[in-house]
Amino acid sequence: MAGRQEGRMFLGFDFSTQQVKALAINDALEVVHTSAVQFDTDLPQYRTQGGCHIHDDKLTVTSPTIMWVEALDVLLNRMKKQGFDFSKVAALSGTGQQHGSVYWKTGAQSALHKLESNLPLHQQIKDCFSIQDSPIWMDSSTTQQCQNLEQALGGAQRLADITGSRGYERFTGNQIAKIYEKNQDAYNSSERISLVCSFAASLFLGDYSPIDLSDGSGMNLLDINRREWCQAALDACAPDLKTKLGQPVPSYENLGAVSSYFVDRYGFSPDCRVVAFTGDNQGSLAGMRLQEGDVVLSMGTSDTLFLWLTTPQPALEGHIFVNPVDPLAYMALLCFKNGSLTREGIRNNCADNSWDKFDQLLASTPRGNDGNIGIYFDIQEITPSAVGVYRFNATNEPQNSFSPATEVRAVLEGQFLARRLHAENVGFRIGPDCRVLATGGASSNTSILQVIADVFNAKVYVLDVANSACLGGAYRAKHGLLGGDKVPFSDVVKSAPEYKLAATPNSDALQIYTALLQRYKALEENIAQS
Ligand code: ADP
Ligand code: XUL
């Protein structure tokens, strides 16, 4: 086993929208501790709802930067009271909500260097920020800045080719551009701009942490092919931005020892290493131990796909990031808003609110649904940009309704054909070793998993990974300590629990769904265009 040592632990933190979490694993990768601090309830003085403030325009969404610092104080104190032995932590890493940004005022770096262990962190750095309220990923106030950036780089597709995504309101470059336009003094007095993840790493380091290449890909600023800032994108957003962002590093970078503040106050070992933090989605990819050829299909309220890509094909939909465990590879993130709630709606209409009845209706229909195809975008879909409910028979004629059994199969086949289509649109190829790793509420339904196996013509495994982002942080801490470029991440996590095989494709699935996919693609394209 890669470098196993008795007694030592690895810590992962997750600075997410609603809470800060910590999770520790031992050297055998078993989870030995978890703790969390909820912003709304544990720190009510900041008056957040869901960890943020939605401003009157309904578009601007921020969180008080210092709240995140105080949450860390509370979290570490709690762990100390619970008897957590910080001296055993060999390395720590973590994640942050993607895209959010922190503005360090001139002089903040020297404040980080001089932290005094007898005082809480938040008291010492409360005056270190030139912007008090960090814009977060829920912000959608920067449409104008996105248009400017796309125009400056030669169009939306060109921006996607370079940075992995077309212009998105929440992406940090556009947020920085807005701050520069609206509050030039604050921008000019910022000596450093961090992402939420690199900000969190900076607290542990007692110095500015670089931005990692993977979360850095969520800014519309990084050239994901050359793995360095795209100067034209920086120039289009704000002056002198390169200096303020610092040089990006691979996500497994071992950044140095933990600040003496944490050694003296909490009993960390002075040898404890801080490994670069990354985005929460990237952390989940690591926590779920995605490998080349794998797809994660997360079916919570909405459906999200994580893909491991070697040759990405940036598109006008979805996001391509540098891969967080292998900087020569990529990951894609695709969000589908019409997921579980759409399936649930059809269960309620066609199957008397019962998943059992839903499963029976599904079993009563043949794979391929006699050529019937349904597309159910109850609410405005993200991937693709379209809305409405559409039904077609085997000769592509629009239908007003389907029988309940046809409707049940149509929603599942339509949704998973869409997941596969859009995965292939950004460069994913289903190879013979492809595994679909299913997670989230709907992954408890084996009938649904069978449809996924057939549509993808791949084995489906179920993953029951709680706190995957945090767990990914702990795994990545170990990877970084062992030298991220020397040991493959897959070796480091080899001893983690096996996945459970849940569904295997039927022998006729390839033929049926290859044909159906072609038809689905043409029908969906028509809908998206109109
Ligand atoms: P989130 O993390 O977004 O809150 P969850 O991962 O808890 O969501 O998933 C919740 C969803 O799981 C529900 O909306 C429900 O539709 C779906 N779900 C739960 N059980 C089943 C089932 N047996 N079959 C299909 N879907 C299910
Ligand atoms: C991803 C995104 C969200 C945040 C949530 O692009 O905006 O998933 O990372 O924490």
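Atoms within each ligand, like the ligands themselves, are counted from 1 in listed order. Being a predicted model, the structure only gives us computed values, none of them experimental. For this chain, numbers begin at 1 and follow the sequence in order.
The main-chain N or O of A418 is never found under 3.5 Å from a side-chain atom of E524 such that the two would form a donor-acceptor pair. The backbone N or O of D378 lies less than 3.5 Å from a partner atom in the side chain of N338, making a donor-acceptor pair. A side-chain donor-acceptor contact under 3.5 Å links S403 to the backbone of T406. The backbone N or O of H122 sits less than 3.5 Å from a side-chain atom of D73, completing a donor-acceptor pair.
Shortest contact from atom 7 (O) of ligand 2 to any protein heavy atom: R170 NE, 2.8 Å. What sits closest to atom 9 (O) of ligand 2 on the protein, heavy atoms only, is D280 OD1, 2.8 Å. At the top of the distance list for atom 24 (N) of ligand 1, counting protein heavy atoms only, stands N445 ND2, 3.1 Å. Atom 11 (C) of ligand 1 has as its closest protein heavy atom S340 OG, 3.6 Å. The protein heavy atom nearest to atom 21 (C) of ligand 1 is W355 NE1, 3.4 Å. Among protein heavy atoms, atom 1 (C) of ligand 2 sits closest to N281 ND2, 3.2 Å.
The E344 neighbourhood of ligand 1 comprises atoms 13 (C), 14 (O), 15 (C), 16 (O), with distances under 4.0 Å to a heavy atom of that residue. Near G300, meaning under 4.0 Å from any of its heavy atoms, are these atoms of ligand 1: 3 (O), 5 (P), 6 (O), 8 (O), 9 (O). Interface of H99 with ligand 2, defined as ligand atoms under 4.0 Å from a residue heavy atom, comprises 1 (C), 2 (C), 6 (O), 7 (O). For ligand 1, the atoms sitting less than 4.0 Å from at least one non-hydrogen atom of I448 are 25 (C), numbered in the order shown with element in parentheses. Near G440, with a cut-off below 4.0 Å to any heavy atom, the atoms of ligand 1 are 6 (O). The distance from ligand 2 to the heavy atoms of Q97 drops below 4.0 Å at these ligand atoms: 10 (O). Each of the atoms 1 (C), 6 (O) of ligand 2 lies under 4.0 Å from some heavy atom of L333. Atoms of ligand 2 lying under 4.0 Å from any heavy atom of Q98, numbered from 1 in the order shown and given with element: 1 (C), 4 (C), 6 (O), 9 (O). The contact set between ligand 1 and T301, taken as ligand atoms under 4.0 Å from a residue heavy atom, comprises 1 (P), 3 (O), 4 (O), 8 (O).
If you look at F204 and F13, their ring centroids are closer than 6.0 Å. Ring centers of Y180 and Y187: under 6.0 Å apart, within the cut-off. Ring-centre distance between H99 and Y168: not below the 6.0 Å cut-off.
Of the candidates G441, S443, S354, the one placing a heavy atom closest to atom 12 (O) of ligand 1 is G441.
Around CD1 of I382, the count of heavy atoms belonging to other residues, nucleotides or ligands within 6.0 Å exceeds 12.
In summary, R166 and D161 do not engage in a salt bridge, as defined by a charged side-chain N under 4.0 Å from a carboxylate O.
No option in W104, W68, Y103 other than W104 meets the ring pair (Phe, Tyr, Trp, His ring centres under 6.0 Å) test with F129.
Neither side chain, Q282 nor S251, offers a donor N or O lying under 3.5 Å from an acceptor on the other.
Under 4.0 Å from ligand 1, the heavy atoms of S444 that appear belong solely to its side chain.
At least one protein heavy atom sits closer than 4.0 Å to atom 18 (N) of ligand 1.
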